[in-house]
Amino acid sequence: MFRKILVANRGEIAVRVIRTCREMGIRTVAVYSDADRGALHVRMADEAVHLGPAPSRESYLRIDRLIDAAKATGAEAIHPGYGFLSEQAPFVEACDAAGITFIGPRPEAISAMGDKTGARQRMIQAGVPVVPGMDEPESDVNRAREFARSIGFPVMIKAAAGGGGRGMRKVESEEEFDASFAAAQREALAAFGDDRVYVEKFLDKPRHVEIQVFADAHGNCIHLFERECSVQRRHQKVIEESPSPILDEDLRRRMGEVAVRAARAVNYLGAGTCEFLVDANKNFYFLEMNTRLQVEHPVTELRCGVDLVRWQIEVAAGKPLPLSQDEVRAQGHAIEARINAEDPAKNFMPSPGKITYLRLPGGPGTRIDSGVYPGYTVPMAYDSMIAKLIVWAPTREQAIQRLQRALSEFVVKGITTNIGYLKRIVAHPEFLSGDYDTTFLARRAEELRAATNGELARVALVASAVYQYQLDKNRARKLELAAQGAAAARSRWAEMGRLRALGRAGGVR
Amino acid sequence: MFRKILVANRGEIAVRVIRTCREMGIRTVAVYSDADRGALHVRMADEAVHLGPAPSRESYLRIDRLIDAAKATGAEAIHPGYGFLSEQAPFVEACDAAGITFIGPRPEAISAMGDKTGARQRMIQAGVPVVPGMDEPESDVNRAREFARSIGFPVMIKAAAGGGGRGMRKVESEEEFDASFAAAQREALAAFGDDRVYVEKFLDKPRHVEIQVFADAHGNCIHLFERECSVQRRHQKVIEESPSPILDEDLRRRMGEVAVRAARAVNYLGAGTCEFLVDANKNFYFLEMNTRLQVEHPVTELRCGVDLVRWQIEVAAGKPLPLSQDEVRAQGHAIEARINAEDPAKNFMPSPGKITYLRLPGGPGTRIDSGVYPGYTVPMAYDSMIAKLIVWAPTREQAIQRLQRALSEFVVKGITTNIGYLKRIVAHPEFLSGDYDTTFLARRAEELRAATNGELARVALVASAVYQYQLDKNRARKLELAAQGAAAARSRWAEMGRLRALGRAGGVR
Amino acid sequence: MKYQATLDGKQHEIHVIEKGEGVFEVVVDGQAHTVDALPLDHGAVSLIVDRASYSVEMEESGDGKVNVLVRDHVFTIELLDERRMRMRLAGGRFVVEGPQVVTAPMPGKVVRILVAPGQEVKEGQGLVVVEAMKMENELASPKDGTVKEIFVQEGASVEGGAKLVMVE
Amino acid sequence: MKYQATLDGKQHEIHVIEKGEGVFEVVVDGQAHTVDALPLDHGAVSLIVDRASYSVEMEESGDGKVNVLVRDHVFTIELLDERRMRMRLAGGRFVVEGPQVVTAPMPGKVVRILVAPGQEVKEGQGLVVVEAMKMENELASPKDGTVKEIFVQEGASVEGGAKLVMVE
């Protein structure tokens, strides 16, 4: 087993990886940019190496500096987390060249799946259904617009190197196309260092269901069931749950088998996720494979009683998977809610800043994966997710009740978060019914706005008035005490007969 | 189902009960003493009723006031938590008389098991092995000493109305007997309002293993496996785990059956625990039955994937148990560590006071049940347990690693806690081996003291010096700025040509 | 003590009378409540209002208002005592008219400027794109008008509240 | 800046030289370390010492010392700068002799007094039992001697640090 691992990431996922390393007795090396000197992952790691300025391209995306850091600290392996360099084949190759184990798939698998259009071809060859779309990325806006017209609007523009909903844009009509195409290219470049995008048919009211797969270096490849990720805002997942309310045993089994087939088709190694769209007729289409750990991996961990990061490390060290497909048991229901530093009342404007107070939920079935602490300043340079709240309960109904309860215990002060918005989502009849799709949040945006409540408004008025009263009173008391203090000082001085002092009694204190 | 429940308790268990009530959509009524106006359970409940002064006997033990509070708020049921009135038959009878559901067993079962000597007789009749001891409590110290001599030292003195290790005293020799007898009587009176004690043979190096049982009003009675509670200090449990490292399947099954038999013998209803001592030859002896929820119930919850408080409420509302004996599945390994406000370096002196900073562990398999928050003042009037940290992992080894990791993330400032002591316990070879008994902490007390560490001592020196340097520098800078400010003020005044002002420039600011 | 509170544009009269240590009679718009209020650290207040318990979190919003979190709801309240009310009344209301300056709602980076000085813009039209936390945020014109001045350049990092564009 | 630190009864010379914003050379007993120190709220300090990362928590212990939590260890350190060191040296050491006052180590209730004024006691002999948090704590005599004075009565509530018994 490795004695030291460098974690090439930041935020909650770096903390997540460090936790498992600590449990395994493996020493950890954190890396950090100028914006992250005070970040929790730096504080928790055994060692920390500075990478560069705040922008990712000058720090967390600097392959050379990461390799140097690993060499300098004697780290034998690198865990890439998600995002940043986690799906960059050149990074894996650089690790190989330096004799450092990359904790993830081989570069060929990353390239095969990272090139979204190439991956589509592979999947078609493997007999996996895919959404109609381009066979190749397209950089010319005119040709892209032409293709979009040929398959009919609405269409999706996606980053060829993408994943996780970044660089994805839905285009409703031809007029919007050019602007969206340019924006998608910019976002793709910013997020992945690669501005290639492609166009795909947009499916109406699809569900986003993904399958967790895991492969070792001994020819074993299994799946750990699904995660339902249809609660999305602007293609960013907000709430994930497992099991999916729409999958039956047969569909679950078939999707699992297809996901394993997809992974095997690229000689996959480690943790990966096959994302599918499921339409209203329960047809499923391969969307893409994320060749890394997902943000929402704890949903699977809670449901299957496993530690996927531990599995990643063990598999990277050459061990076989600890479970066979038949031994994977899923129990109960798990849901994750992503806590973001953003203001839903102001069009989800980011809200970086200092967390002045933090009270986390606890109790039964409640897990927090977070990269923040009271006193931490959330930087503006990185994404807005500050924590994940994941709950487990025997049934979906109980898990939702638990998530509602836990969200109501979550207090963050100093910055604005989406906690209230999350509460409204998980109390919305459409979510409760389980019959929702990826258009849920957009369609229900009005209903998901904060509504007022007469009783609580009255309580808020009472609280603000009493609070102000006490502030006013304390201030008055201080002034009075200061005056009394001066008077007392005068009288004490007088008592001691130091008459000279009386003359400047006003200056005492 | 009940619409409103009064929680007749405080601290973490009151918070624990409120959480499940909230998840079930049941409104809650907290009660509080003068010392608990700012307690978390008061803040979390929907309603709160003041009971009286800080001492339990004038507040949490006042049956009349609790019944009045339930009536005034329209609570249909009372959850007693543990301790206080949870095992007092008169309280149940008062609830009955007021038409309020007591969430727990019937008074007859409480009385039968609460009278430790009577319970022994019942168990003997039911064919359950018990430790040799008195058949009746004894108030006369001479007769008690005589009995102790007859069974041979060492002996245990126990509160007849007791439980949870309170009021228990081991007596090594006849000389110590009288003082211990008086102390046990006093503690029994303080803890249970009943000073009757009895004497029992002391078993050498026993393991304390208990079985969780659950019975409904429809004749179902099951067990949820064992908890190993042999890590004790002065008869107070410190660490609990499940499964017990010494139980094999056969012993587990036999003890489970005996526990169910014991519960059935008193027509048990709700959650209860049969405590056993297991000797080196794996003989087990019935110790007592706790007719309430235990502090360590989360260990069972994590291992069996259930919410025992939800079960209590459902059973009290007349529902059948949700699982049959065959359906109870236990998975993996769970361990609980009790976080106490006490100073292990000063003979575990209590350390009440204000919690100025709190950082809780998180991540996979980590649960916190706590009754405190940053800014909370831990009162001196009640026991010192402020939180429970419970972890789950697939194996005992991984669970221990996880507990070590989570303890190292736990930061409490303002008061002293036993967190460091807990870390040393769970890193001790005897605990790691699983081959420990109830004498572990006492035997290893010396080894469990904080040891020094040269590297970390050096870091601490560096930290303190840099910290002081920055304080000194800030102070110097402030003085300098004040001086500059004065100078700037002078020059500004001068600039404005207000020459008169210059004469008292020294007084500016 | 009498206060005037503004919540969601509505005025409320609140009268706070201290009855004992931490116990108040609070009259809101003529309706009286018995309130047991315990201030805690970090702007938290535990309120027991006629027996109902509320854990309330207060946070100054920086513009003289206070955000009040009660259960799952946030209320933004502006509170004036009698003295400040009189000052406010004497000073009259600040009238929003004339040139409008669009400011950065959070710290970020100006990735694109969509308009030029002198250009006519409509209400809701995008003026500047500011990126923060990996999200592009298009800031729109608050009114129909003409771009009077642009205070920033593409690529510039700006603080929250920084002036971006003036529209007249 | 030079400091003298006392830890576990041993003296250490520490020299802090600021090299840049938050970067220091710290020489402890002649051995130099490069230290990147970031002070955080609530007395936390993030230290990177020659690349090793330590999340250190500092807490004033009230008697001029500071408790320093590093990883799983707590160290109690007394730090003096040169000026204070000279004062200390000039003033000489405070000598512990003569009457000893036993004080309450925490707030609690005096449940029993085990001795009477004038009684002879041995070192380690119980004097008073104070109950707090449901635990009885027997406070012992620090030395052989005679009970000179008892400051409390049975049943009294006492604050932490309150005088209980004087032994001479």
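These figures come from a predicted structure and were not determined experimentally. Chain letters run A, B, ... following the sequence lines, proteins first, then strands; residues in each count from 1.
Residue B/Trp392 holds its CH2 atom at 10.5 Å from CH2 of A/Trp392, rounded to the nearest 0.5 Å. Rounding to the nearest 0.5 Å gives a distance of 9.5 Å between CD1 of A/Ile368 and CG of B/Leu360.
For B/Ser370, no part sits under 4.5 Å from any heavy atom of chain A, backbone or side chain. Interface residue B/Arg402: backbone and side-chain heavy atoms are both found under 4.5 Å from chain A. Only the side chain of B/Gln331 comes within less than 4.5 Å of a heavy atom in chain A; its backbone stays farther off. Residue B/Leu302: no heavy atom, backbone or side chain, is found under 4.5 Å from chain A. Of the two parts of B/Arg19, the backbone and the side chain both hold a non-hydrogen atom closer than 4.5 Å to a non-hydrogen atom of chain A. Within the 4.5 angstrom heavy-atom criterion, only side-chain atoms of A/Glu409, from C-beta onward, approach chain B. Only the backbone of A/Leu358 comes within less than 4.5 Å of a heavy atom of chain B; no side-chain atom from C-beta onward does.
Most heavy-atom pairs under 4.5 Å with chain A, from the set B/Ala393, B/Pro374, B/Pro298, B/Pro394: that is B/Pro374. Listed options A/Met24, A/Glu12, A/Arg329, A/Arg43 were ranked by heavy-atom pairs under 4.5 angstrom with chain B; first place goes to A/Arg43. Taking B/Arg22, B/Gln398, B/Lys388, B/Met44 one by one and counting their heavy-atom pairs under 4.5 Å with chain A, the maximum is reached by B/Gln398.
The only member of B/Arg310, B/Arg367, B/His297 that meets side chain to side chain contact (heavy atoms under 4.5 Å, CB included) when paired with A/Pro364 is B/Arg367.
Few gaps surround CD on A/Gln325; more than 12 heavy atoms of other groups in view lie less than 6.0 Å from it.
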